[in-house]
2 protein chains.
Amino acid sequence: MASVKDVARLAGVSVATVSRVLNDSAPVTERTRERVLAAVAELGYRPNAVARSLRTDATGTIGLVIGDILNPFFTELARAAEDEARQRGYSVVIGNADERADLQDHYVRTLLERRVDGLLLCPTAEITSLVRDLVDDGLPLVFLDRTLPGLDVPTVRADGTAAIGALVAHLKGLGHRRVAFISGPALLSTGRERTDAFMVEMARHGLAVRPEYLESGDFQAASGRAATARLLDLPEPPEAIFAGDNLMALGALDEIRARGLAIPGDVALASYDDVPWFTHLDPPITAIAQPVRELGRRAVAALADRIAGGPVEPVELRARLVVRRSCGEPEREEGSGR
Amino acid sequence: MASVKDVARLAGVSVATVSRVLNDSAPVTERTRERVLAAVAELGYRPNAVARSLRTDATGTIGLVIGDILNPFFTELARAAEDEARQRGYSVVIGNADERADLQDHYVRTLLERRVDGLLLCPTAEITSLVRDLVDDGLPLVFLDRTLPGLDVPTVRADGTAAIGALVAHLKGLGHRRVAFISGPALLSTGRERTDAFMVEMARHGLAVRPEYLESGDFQAASGRAATARLLDLPEPPEAIFAGDNLMALGALDEIRARGLAIPGDVALASYDDVPWFTHLDPPITAIAQPVRELGRRAVAALADRIAGGPVEPVELRARLVVRRSCGEPEREEGSGR
DNA sequence: TTGTACGCGTTATCAC
DNA sequence: GTGATAACGCGTACAA
């Protein structure tokens, strides 16, 4: 493949001049500029980003390690991040941790070796020594969606407390008293926070939470289904089930359907995380929607600031309740959806 | 960040020896090996993949340019490709063309500049000059899911003809005669092939296709919804609608629901492309499933072969019909799902 | 078994 | 305005 040298030779100038033309880093005669450009076109020259990166110590690349690429939440997050990154001239290299610490570390390692300019990380539960090193090394780092305790890293996330409060009020208003929650992993900040908020809000609304109504899963569909089975097998099953993420809600849905139960007639269902197809279910699912696209954009913006050496504030957006019809809402109360 | 030089100095050896230890490219005394490894650990040395790539002229990276990252088909495809690539020691850089030729070219260009070892491309409709150059340049290239006519590039894809035939037979068996098809863009090979197969199979089964029953969309939900609206507004609407991809099926579903029509009572619905949540709809959607994960794996395998300099055969897998309950199937005919 | 020295393709610093 | 050249970090031919 043609290099600057070839271009220089063909244009009858030095490599320095070629570089100057290509990056217009210094004034060049119109005549030579044309000659260089002509040579570039003739040779089909493509600058070698690898060599440039070695020289400039910047790759124009940011890493994004997400929890699970099959989870629509992360997919949309990735897309939003990529849009914003492209606009800022960055490329994004995505790593899929598949909710496993070892896979997360694998990707972090290769991203480091590839010398990404910064890293967006949705950390898995465990705080690995590699992640700790990252912080110490001073690599521009921003946590996305999830936090790790005791690490001084800016985090971009959405707070769901208010929305969960709104949901609890909504359920109570609809006459539900026995509300169950399927929480995510307690090791994940998102898992913990949603559970805490649920407990607090239930108490605040004077609703008791029986211990057997507090199930827990791993943010995957299968665990949501299993938890729902246990709940429905209870001598006195809950009137409403609130799943801690969209995949567990899917599992819950399956189990309810498999038993031939009706939503919301036999049991109400609500989900943390909204996904496009919730609108298309019958009934449409009442859910708590995170501002996913803005999360992705703001995360990239924050990282870009850190890379530029500026100070970075943590970002905390707010999730909101989207009322649909899976909790026994009267016919025309449908929310705005998305 | 520490380099081989630093490691060499600390270990009291030459850079060559450090390199030898790290790649065990040549025998080294156990004693020096230990010293080097100790130095590596102490300095927290991470090899610089950028420099290595410049030297070896290989990045250990493959590019994957997909049509639309929000389409579950491509998401799953990407994940499968990534799994296979990781097992083979490659990293995948994903570019999202968003079904736009200019965005596709943008990503192809940056991937080229980053010197990916090979490229997996789901080409958009138009055959751009950049893509033509790619072929001429001899960059290891494999088309995935879609082909471009007149280009000598191995393609990994799934043929849907048999499955479409099975679907037509299935619909006919269920008593449907007026079957409509919402095709994808005729410029896309996948769009064309599905339409052709539909026409051929309808004829083969002695079913006429009225011109007004042949709608076309752009593989996005909105177009599927609009096409469905036109179909349902017909003086004599079709008894069954077959959508050319999962997103257009989603749009069709919306329009049908919005009109308060019942599936399959008022109109039957089937989709090309199966997605996990089709199972969870009521009724579950009868669909044609592509072997998505195997497509991804085989594509990476083929590309790896090309990179290694071996000959590469095109791969053609088969899609299959998954019978569920959206076409008026009797209660217990449900297929195996996925 | 180990060390020295060159070159990969760029950009940047210095002269001219 | 332009050209020669050093340097980025690494792998490797060649020498020792």
Side-chain angles (χ1 to χ4, degrees), chain A residues 1-37 39-40 43-61 89 109-117 137, chain B residues 1-40 43-61 89 109-117 137 139:
Chain A
M1 188 155 288
S3 82
V4 266
K5 253 185 205 155
D6 305 310
V7 175
R9 193 176 319 121
L10 182 58
V13 298
S14 73
V15 293
T17 300
V18 175
S19 178
R20 283 190 267 257
V21 171
L22 263 31
N23 310 309
D24 51 45
S25 49
V28 172
T29 315
E30 188 52 35
R31 202 176 113 63
T32 51
R33 137 172 269 101
E34 278 166 14
R35 283 226 309 265
V36 169
L37 261 22
V40 164
L43 293 174
Y45 166 76
R46 298 196 187 290
N48 185 328
V50 175
R52 172 187 293 136
S53 295
L54 180 61
R55 183 56 231 251
T56 60
D57 199 37
T59 53
T61 294
R109 220 181 310 270
T110 72
L111 290 171
L112 284 182
E113 295 190 356
R114 293 196 198 296
R115 295 299 191 267
V116 292
D117 295 340
D137 288 2
Chain B
M1 190 155 287
S3 82
V4 266
K5 254 185 204 155
D6 304 310
V7 175
R9 195 177 316 122
L10 182 58
V13 298
S14 74
V15 291
T17 301
V18 174
S19 177
R20 284 190 266 258
V21 171
L22 264 31
N23 311 311
D24 50 46
S25 49
V28 172
T29 315
E30 189 51 35
R31 202 176 113 62
T32 50
R33 140 172 266 101
E34 279 167 15
R35 284 224 309 264
V36 169
L37 261 24
V40 165
L43 293 173
Y45 167 77
R46 299 197 186 291
N48 185 328
V50 174
R52 171 187 294 138
S53 296
L54 182 59
R55 184 55 232 258
T56 61
D57 198 37
T59 54
T61 294
R109 221 180 309 269
T110 73
L111 289 170
L112 283 183
E113 294 191 356
R114 291 194 200 298
R115 296 299 192 267
V116 291
D117 296 340
D137 288 2
L139 178 91

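For clarity, every value in this text was computed on a predicted model and none was experimentally measured. Note on naming: letters A, B, ... go to the chains in the order of the sequence lines (proteins, then strands), and numbering restarts at 1 for each one.
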Next item on the list: Sequence neighbours left out, what pairs pass side-chain hydrogen bond (donor to acceptor under 3.5 Å, both in side chains) with at least one residue falling in residues 46-57 of chain B?
Entry: none
Next item on the list: Among residues two or more places apart or on two chains, list those pairs meeting salt bridge (charged side-chain N to carboxylate O under 4.0 Å, His left out) that have a residue in residues 8-21 of chain A.
Entry: A/D6-A/R9
Notebook entry, point to check: Taking the side chain as C-beta and beyond, is there a heavy-atom pair between B/V21 and B/L37 under 4.5 Å?
Noted result: yes
Notebook entry, point to check: For A/V50, which contact category applies under a 4.0 Å heavy-atom criterion: base, sugar-phosphate, or nothing?
Noted result: nothing
Check: Which part of the nucleic acid, if any, lies within reach of B/S53 when heavy atoms closer than 4.0 Å are counted: base, sugar-phosphate only, or nothing?
Finding: nothing
Notebook entry, point to check: Can you name the side chain to side chain contact (heavy atoms under 4.5 Å, CB included) partners of B/V18, sequence neighbours left out?
Noted result: B/V4, B/V7, B/A8, B/V13, B/L22, B/V36
Next item on the list: Spell out protein contact along nucleotides 8-16 of chain D as letters: B when the base is contacted, S when just the sugar-phosphate is, - when no protein heavy atom is under 4.0 Å; keep the 5' to 3' order.
Entry: BBBBB----
Item checked: Rounded distance (Å) that lies between atom C1' of D/dG1 and atom CG of A/D24 -> 15 Å
Check: Applying salt bridge (charged side-chain N to carboxylate O under 4.0 Å, His left out), which residue pairs with at least one partner in residues 24-34 of chain B are found, sequence neighbours left out?
Finding: none
Notebook entry, point to check: By side-chain hydrogen bond (donor to acceptor under 3.5 Å, both in side chains), which residues pair with A/D137, not counting sequence neighbours?
Noted result: none
Next item on the list: Check whether any side-chain nitrogen or oxygen of B/T29 sits under 4.0 Å from OP1 or OP2 of C/dT2, and answer yes or no.
Entry: yes
